[in-house]
Structure formats: C-alpha cells, structure tokens
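Worksheet for the structure shown next.
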Amino acid sequence: MLKQQYKTSIVRKEHFNAAHRLNNVHWSQEKNSEVFGKCNNPNYHGHNYELEVKVIGFCDPETGYVIDTKILSDIIKNEVLEKLDHKNLNLDVIEFKELNPTAENIARVIFTLLRKNLDKKLDLKIKLYETSRNFVEYPA
C-alpha cells in the first residue's frame, strides 16, 4: 500500500454564460467609461466563462479519492452554475448587488460559495477564464 506523503489535486472544469456591466456607482459616467471602456456598456455584455475548480488534499486511503468527482460536480452545479449560468450578474445575483462583477470578484464569489461546502482539510483554488486569453486565479 502506498504511504501518503504528498497532496494531490483534482480539477473539475465547467462552463457558464453570463452578462455583466463593470461600473462603479460612486464614479461619473465619464470616469466609468474611461476606466472600463466597452465593459461599461449600459446594456451589459456577456461572456462564455470557463471555470476550473481545483481541490487539493491527501487521498483517502480507503477510496483513493481526494474528493469524489460526482460530489464535487454536484456542489459546483448547485452552488455556482445554478446561480450564475445564463444570468445578468448585476441584476440577478445577490452577491453582486454592491460588488462590481469583474472576473476577479466573480472568482472570489465562486470560491466563497464552494469553500463552505468542502471539508476544511481540503484546499481550494479557482481559475476563471473570461476569454481564452484572460483569466484569473483565486487565491493567487
């Protein structure tokens, strides 16, 4: 039997579509347009987000799993996809009522939603692709 010495990570990839508008309510329209450009469109704009959820921990000696992928998939579906997929983040998602839905903030919200459903002994990292060339990782 293998002696567990190293942590292992398992990654689940998911996809969701959402619209948003980057806007700071404390700024003028001119400053919002200057800072956020096209992303400040008052009629919103959308992205096809790609999400990677990485769970890190020691393999269970009885199952060989860090986490059962079916359980991880269900948590992501229930906590993230049902909340964000095909939604206007600014209007439909309570977490963004007062939080600008940047890719950075979306990743942090996803982390928070998932973290509460995972065993404390597991580490969690989120990678969120807003486009094929722009992505964020949280925590860094």
Worksheet item: Would you call Leu114 and Ile126 a side-chain contact if the rule is heavy atoms closer than 4.5 Å?
Response: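 Answer yes - side chains close enough.
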
So, [X] side chain and [Y] main chain: donor-acceptor pair closer than 3.5 Å or not?
{"X": "Asp68", "Y": "Lys70", "answer": "yes"}
{"X": "Asp85", "Y": "Asn17", "answer": "yes"}
{"X": "Lys87", "Y": "Leu81", "answer": "no"}
{"X": "Asp92", "Y": "Asn88", "answer": "yes"}

Spell out, yes or no, whether [X] and [Y] are grouped together once hydrophobic residues are joined by side-chain heavy atoms under 4.5 Å, including indirect joins.
{"X": "Leu124", "Y": "Tyr49", "value": "yes"}
{"X": "Val109", "Y": "Tyr129", "value": "no"}
{"X": "Ile71", "Y": "Val11", "value": "no"}
{"X": "Val136", "Y": "Leu99", "value": "yes"}
{"X": "Leu22", "Y": "Val35", "value": "yes"}

Output the distance between atom [atom1] ([X]) and atom [atom2] ([Y]), rounded to the nearest 0.5 Å.
{"X": "Asn32", "Y": "His26", "atom1": "CG", "atom2": "NE2", "answer": "10.5 Å"}
{"X": "Asn100", "Y": "Ile106", "atom1": "CG", "atom2": "CD1", "answer": "9.5 Å"}
{"X": "Ile67", "Y": "Lys121", "atom1": "CD1", "atom2": "NZ", "answer": "10.0 Å"}
{"X": "Phe16", "Y": "His86", "atom1": "CZ", "atom2": "NE2", "answer": "11.5 Å"}
{"X": "Asp74", "Y": "Glu79", "atom1": "CG", "atom2": "CD", "answer": "11.0 Å"}
{"X": "Arg115", "Y": "Lys120", "atom1": "CZ", "atom2": "NZ", "answer": "6.0 Å"}

Worksheet item: Residues two or more places apart in sequence or in another chain: which of them pass side-chain hydrogen bond (donor to acceptor under 3.5 Å, both in side chains) with Ser9?
Response: none

Worksheet item: Hey, mind stepping through Leu84 and Ile110 against side-chain contact (heavy atoms from CB on, under 4.5 Å) and telling me if it holds?
Response: CA-CA 9 Å; Leu84 303 181; Ile110 291 171; 3.9 Å; yes

Discussion item. Glu50 and side-chain hydrogen bond (donor to acceptor under 3.5 Å, both in side chains): which single residue from His15, Lys13, Lys127 fits?
Written reply: His15

Discussion item. So which atom in Ala103 and which in Glu130 form the shortest heavy-atom distance, rounded to 0.1 Å?
Written reply: CB-OE2, 4.0 Å

Discussion item. To check you understand the geometry: which heavy-atom pair defines the closest contact between Ser73 and Glu14, and what is its length?
Written reply: OG-OE2, 4.1 Å

Discussion item. Can you tell me how the ring of His20 sits relative to the ring of His45, calling it parallel under 30°, perpendicular over 60° and tilted otherwise?
Written reply: tilted

Practice prompt. Over 60° means perpendicular and under 30° means parallel, so classify the ring planes of Trp27 and Phe36, tilted if in between.
Written response: parallel

Worksheet item: Residues two or more places apart in sequence or in another chain: which of them pass salt bridge (Lys or Arg N to Asp or Glu O under 4.0 Å) with Glu95?
Response: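 Partners of Glu95 by the salt bridge (Lys or Arg N to Asp or Glu O under 4.0 Å) criterion, ordered by chain and then number, come out as Lys83.
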
Worksheet entry | Member of Ile10, Val66, Ile56, Leu72 meeting the side-chain contact (heavy atoms from CB on, under 4.5 Å) criterion with Leu122 |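 Going through Ile10, Val66, Ile56, Leu72 one by one, the side-chain contact (heavy atoms from CB on, under 4.5 Å) with Leu122 is satisfied by Val66 alone.
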
Worksheet item: Would you find more than 12 non-hydrogen atoms of other residues, nucleotides or ligands less than 6.0 Å from Lys54 atom NZ?
Response: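 No, not enclosed.
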
Item to complete: Indicate whether the side chain of Gln29 and that of Asn40 have a donor and an acceptor atom separated by less than 3.5 Å.
Response: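 On atom types as modelled, these side chains qualify, holding a pair under 3.5 Å.
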
